[in-house]
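Just below is one structure, and these are the notes that go with it.
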Amino acid sequence: MSENAFGKGHHLHLIDGSAFIFRAYHALPPLTRKSDGLPIGAVAGFSNMLWKYAQDAKGSDAPTHVAVIFDHSAKTFRNEIYADYKANRPPLPEELVPQFPLTRDATRAFNIACIELEHYEADDIIATLACQARDAGGRVTIISSDKDLMQLVGGGVVMLDPIKGKEIGPDEVHDKFGVGPDRVVDIQALAGDSVDNVPGAPGIGIKTAALLINEYGDLENLLANAEQIKQPKRRQTLLDYADQIRVSKRLVQLDCETPLDFGLETLEIRDPEPDTLLDFLTRMEFRTLTNRVAEKFALEAPAIPDTPASPAGGAPVAAPDWPPIDHELYRRIGTMAELDEVIATIREAGAVAIDTETTGLNEMTADLVGISLCTGPGVACYIPMAHVAGGGDLFDSGARVEGQLDLEPVLAALKPVLEDDAILKVGQNIKYDWKMLARHGIRMKPLEDTMLMSYALGSELFNHGMDGLAERVLGHKCLSIKDLIGSGKSQITFDRVPLDKATPYAAEDAEVTWRLWQMLRPRLPGHAATTAYETLERPMIPVLADMEMAGIKLDPEHLSRMSNVFAQRMAGLEDEIHGLVGTRFNIGSPKQLGEILFDQMGLAGGKQGKTGAYSTSADVLEDLAAEGHELPARVLDWRQISKLKSTYTDALQTHVNPDTGRVHTCYAIAGAATGRLASTEPNLQNIPIRSDEGRRIREAFIAAPGHKLISLDYSQIELRVLAHVADIPALKQAFRDGIDIHAMTASQMFGVPVEGMDPMIRRQAKAINFGVIYGISGFGLARNLRIPRAEAQAFIDTYFQRFPEIRAYMDRTVANARRDGFVRTIFGRRIPTPGIDTKGPAAGGARRAAINAPIQGAAADIIRRAMIRMPQAIRDLPARMLLQVHDELVFEVREDACTPLIGAARKVMEGAAEPAVKLSVPIVVDAGTGDNWAEAH
DNA sequence: TTGTTCACG
DNA sequence: GACGTACGTGAACAAA
């Protein structure tokens, strides 16, 4: 290779790498690498383009030198000039991010110089190289169609549109901008650029700008003589915005002085090394291109293994070289010296898997029994601290077992490690362990959670428990807890398990967690699940843990009074019902009730379901009651009271924690497929509100003395998300105008004015709006509205006609689900769509679930984002976040701080989508304050 | 353990 | 032409 200086007779090709990548990404379907599912479409397209380029570049006008230039990062020196430069760019598609480094690898594999520089855009580097080459007397071809590069054309520099294959010279630039290349920046400074967020002068486009520049010669002269412009509006704009125009010019002006540390001669064209190139292509598993390249070099194409990608959470593709799990290797820690050794090992490893053993499943009431730790395959230990005699022992003495360490010194020794920012704590459902340790004054950080990784990966199996993951991901069957503590009545607590049995079980849990972490963490990028895991799942752990530990205060007397009233009313209803029937039976038994209603009394109503039992659900009974039958009406009354009593007024009292006097629910982060939370023990997300009777139960949820409860809820969040996601202009405009959305729908559908609308019409429109979110059907709507099916179908047809974007959204979403087996929310959460390929009756349900998932899921993402930011936003206020009910957050606030709390919390909630997503509809949050939840909501 | 019913968003 | 049908949860109870 000669190292002759670049100069006359040489021809430099500069390829705009970023443009290549984006074109490749958008032109190709979302291909993935077969062996591990890594998104690879953009790299494939990019490599093909480079190969095609290399073949074409051997013609008569062949380049002598070539380079591919990339953007280094989003932030450049232009952001120092103007902070909002390119600020309205949508975030990069997550599938694309891991492909950027691979496009660099591809460029090098083709033996082409690969150039990027921190702080500078690719365009600046291209400008610098083009200037250098031109000054040296050579020719330059810029392979790009980006208008921002057109200022460089002229004096031996041309552009080549790679799509049209058309050369762009001074004449073409003049056609586009109305001026020569040397004045292009002046035009751009005036006209601005909405894509790059260059402000320019408002109201002035390319046409006007060209007119002005051609009249005044250049921008500075124009601004200096702006007073003379005849059109008053134009004159005023230029006078008012002179500074902004000058800033814009600095933004669009490319920098020809980029500090590059190499000379043009190093860009001399080189043939690819066949081995290097083929090695890269086979690694990427590009079959066609590998064969094509091998053929060109007259070589045998290397074989590409045909191992299919494992489904998310499936069997490992290539298990690491770990020995099988061996319980003999586990240490039981019985002295502080041994514990110190373990701590040293953890510090060295920088990460530790942790699992706590406790006396129960409720973190608020259970006691800590032991801790297991793992830092590598086979390197695990168990620290027993509170085991007592029992279980395996002959005498169930309950005496403390020998050979254990005391709780306090162990936790004191571990605390610095568990709170050390440089040491990762890995758990399986680590929120449990976090709360357990928080009760002893330890706030663990930073955290990783294998359950949440599995959830973010979005497996169709939807089982993120440790035993299931161990079997699927590690091919290992975990020791069963039942073998240790039994089940049912004879079940014992873990503190009664003998140490020699507890150690292998506990330490195995830590090792399995460690192995799962090693396996699952690297799968996140390939499933484009890293962002969801890091921004929507993992940060929820401490936020929810704090909410759960805070709990909410209950008024037990209020509940018990209600229980008594309900008991009396039920007794009365029971007498009445038994009197109507003539015999006593169990009203709570659907089977007995069905037989009485349909066999004994001979009312109309067919058999339902595979069990052959009659349906006695509320809508069946309501229909019968509407026909004038007394019995079903009384049964409905009884059922309502019975439900309220057993599920709420009775059950809630049993969940009051005696230490705190409050109820502490537990939120499942990975409980619902769509990203919603689920609340258990007790479920505080289904406390009654729709009936007046039930609503009074909310009065039992009260604020602590001197405090208020405040409820903030998102108004119509799912419909707003739908308007944005499905891009429905009419809906978006209605939300922007703040008008009644159901009335607007009715108005659009039935052609009636919003003013003075018949409430019945509005109610129907409301039902349709909700139906759309759920994947509407004529049957479903008909049943909901109790109207003939044909009428319901006609409504739906009109709706789709009025808002055709809905249909497009539904089709698009189902097609995505069919193609991928999952759908995504606008925040990137992956939601599996199992059964989407099944045929038959079940297919409809899967389709509707897929349609609903991105809407329900995005709403769930939004409130998660708000919750994650909330602690920081309210940290200076005497307030705590207590509950989440899907679109509502409940706070407890000192009564003098209600107004600032509402202000701070509303701000976080309304802005929660940003900056990840800029919604095209406003988000509105309503607030209420009261001494109890009924008043606050 | 499974199915039915019903509370919520 | 027939199938089935709103989406997502958890808890209580009956019945196997």
Side-chain angles (χ1 to χ4, degrees), chain A residues 462 487-488 585-594 608-621 635-636 638-652 654-655 665-668 671-691 693-695 697-698 713-719 722 767-785 789 792-793 796 813 831 833 839-857 859-860 863 883-888 933 937:
Chain A
F462 206 74
S487 65
F585 71 104
N586 185 348
I587 306 169
S589 161
K591 186 162 177 268
Q592 293 179 31
L593 178 66
Q608 294 260 328
K610 7 182 198 297
T611 55
Y614 295 113
S615 170
T616 66
S617 62
D619 46 342
V620 173
L621 297 188
V635 171
L636 281 169
W638 182 89
R639 278 220 186 130
Q640 198 205 348
I641 308 293
S642 165
K643 178 80 176 181
L644 295 179
K645 183 172 186 292
S646 67
T647 310
Y648 300 105
T649 57
D650 288 353
L652 280 173
T654 70
H655 280 102
T665 185
C666 180
Y667 289 104
T674 53
R676 276 193 178 182
L677 301 178
S679 160
T680 56
E681 273 186 293
N683 180 356
L684 294 187
Q685 291 182 323
N686 71 345
I687 303 302
I689 191 164
R690 291 174 190 169
S691 73
E693 204 80 78
R695 198 187 180 86
I697 292 170
R698 292 203 172 209
D713 67 293
Y714 283 110
S715 160
Q716 310 279 16
I717 185 74
E718 291 194 350
L719 273 177
L722 173 72
I768 297 170
N769 274 333
F770 278 104
V772 166
I773 293 175
Y774 299 145
I776 200 158
S777 78
F779 181 93
L781 185 66
R783 202 177 57 172
N784 189 289
L785 284 175
R789 197 174 151 175
Q793 191 56 54
I796 293 170
T813 306
I831 301 170
T833 53
K839 303 263 181 288
R847 260 189 49 242
R848 288 192 297 272
I851 290 166
N852 172 261
I855 302 167
Q856 190 183 114
I863 198 166
L883 302 178
Q884 189 249 45
V885 194
H886 309 310
D887 63 355
E888 174 189 9
W933 196 4
H937 189 84

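First the proteins, then the strands, lettered A, B, ... as listed; each starts at 1.
- Contacts of L677(A) with the nucleic acid, taken as non-hydrogen atoms under 4.0 Å apart, are absent.
- Across all strands, E681(A) comes closer than 4.0 Å only to sugar-phosphate atoms, never to a base (heavy-atom distances).
- Contact annotation: the side chain of L677(A) approaches that of Q685(A) to within less than 4.5 Å [non-hydrogen atoms, C-beta and beyond].
- Contact annotation for G844(A): no contact, since no heavy-atom pair falls under 4.0 Å across all strands.
- Among the atoms of the strands shown, only primed sugar atoms or phosphate atoms (P, OP1, OP2) are found under 4.0 Å from some heavy atom of A673(A).
- Nucleic acid contact for A651(A): sugar-phosphate only, since backbone atoms but no base atoms lie under 4.0 Å from a heavy atom of the residue.
- Shown here are the salt bridge (Lys or Arg N to Asp or Glu O under 4.0 Å) partners of E693(A), two or more places apart in sequence or in another chain: R569(A).
- Contact annotation for E888(A): no contact, since no heavy-atom pair falls under 4.0 Å across all strands.
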Only pairs under 3.5 Å count here: list side-chain donor-acceptor contacts from residues 767-781 of chain A, not counting sequence neighbours, and write none if there are none.
residue: N769(A); atom: OD1; partner: T745(A); partner atom: OG1; Å: 3.4
residue: N769(A); atom: OD1; partner: Y799(A); partner atom: OH; Å: 3.0
residue: N769(A); atom: ND2; partner: H742(A); partner atom: ND1; Å: 3.0
residue: N769(A); atom: ND2; partner: T745(A); partner atom: OG1; Å: 2.9
residue: S777(A); atom: OG; partner: G780(A); partner atom: N; Å: 3.0

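- Considering all non-hydrogen atoms of both residues, A850(A) and T833(A) come closest at CB-CG2, 3.8 Å.
- Counting non-hydrogen atoms under 4.0 angstrom, N586(A) reaches the backbone sugars and phosphates but no base.
- Note on R789(A): a base of the nucleic acid sits closer than 4.0 angstrom, heavy atoms only.
- Contacts of S642(A) with the nucleic acid, taken as non-hydrogen atoms under 4.0 Å apart, are absent.
- Closest to the A618(A) side chain, of the nucleotides dC8(B), dC6(B), dT5(B), is dC6(B).
- In this structure, CG of D713(A) is placed 15 Å from P of dC8(B), rounded to the nearest angstrom.
- Between dC6(B) and dA2(C), the distance separating the two P atoms is 31 Å to the nearest Å.
- What separates CD of Q884(A) from C1' of dC8(B) is a distance of 12 Å, to the nearest Å.
- Nucleotides dT5(C) and dT5(B), compared at atom P, are 13 Å apart to the nearest Å.
- Listed by first and then second residue, the salt bridge (Lys or Arg N to Asp or Glu O under 4.0 Å) pairs involving residues 673-687 of chain A are R676(A)-E718(A) (not counting sequence neighbours).
- Nucleotides dC3(C) and dA7(B) have their P atoms positioned 31 Å apart, rounded to a whole Å.
- A search for side-chain hydrogen bond (donor to acceptor under 3.5 Å, both in side chains) contacts involving Y648(A) returns N686(A), not counting sequence neighbours.
- Spacing between atom CZ of R690(A) and atom C1' of dG9(B) amounts to 7 Å, rounded to whole angstrom units.
- The CG atom of L644(A) sits 12 Å away from the P atom of dC6(B) (whole-angstrom rounding).
- Taking D619(A) as the reference, nothing meets the salt bridge (Lys or Arg N to Asp or Glu O under 4.0 Å) condition, with sequence neighbours excluded.
- Residues forming a side-chain hydrogen bond (donor to acceptor under 3.5 Å, both in side chains) with S642(A) (at least two apart in sequence, or on another chain): none.
- The structure places CG of L652(A) at 5.0 Å from CD1 of I687(A), a figure rounded to the nearest 0.5 Å.
- Residue R639(A) places no side-chain N or O under 4.0 Å from the OP1 or OP2 atom of dT5(B).
- Between the OH atom of Y614(A) and the C1' atom of dT5(B) there is a distance of 19 Å, given to the nearest Å.
- Between the CZ atom in R789(A) and the CD atom in Q793(A) there is a gap of 7.0 Å [rounded to 0.5 Å].
- The nucleotide range of DNA chain C contacted by chain A, defined by atoms under 4.0 angstrom from heavy atoms of the protein and reported 5' to 3', is dG4(C) to dA16(C).
- In this structure K645(A) satisfies the side-chain hydrogen bond (donor to acceptor under 3.5 Å, both in side chains) test together with D650(A), sequence neighbours excluded.
- At the heavy-atom level, A850(A) lies nowhere under 4.0 Å from the strands shown.
- Stem analysis of DNA chain C (Watson-Crick or G-U pairs, both distances under 3.5 Å, runs of at least three) returns B:1-9 with C:7-15.
- Of the residues in residues 773-780 of chain A, those with a non-hydrogen atom less than 4.0 angstrom from any atom of DNA chain C are Y774(A), I776(A), S777(A), F779(A).
- Evaluation of the ring pair (Phe, Tyr, Trp, His ring centres under 6.0 Å) rule for F462(A) yields H464(A) as partners, not counting sequence neighbours.
- What separates NE2 of H937(A) from P of dC8(B) is a distance of 11 Å, to the nearest Å.
- Shown here are the side-chain contact (heavy atoms from CB on, under 4.5 Å) partners of T813(A), two or more places apart in sequence or in another chain: Y809(A), V823(A), P854(A).
- Atom P of nucleotide dA7(B) and atom CD of E693(A) are separated by 11 Å, given to the nearest angstrom.
- Residue-level contact check: N683(A) touches the backbone only, with heavy atoms under 4.0 Å from sugar-phosphate atoms and none from bases.
- For the pair N686(A) CG and dT5(B) C1', the computed distance is 13 Å after rounding to whole Å.
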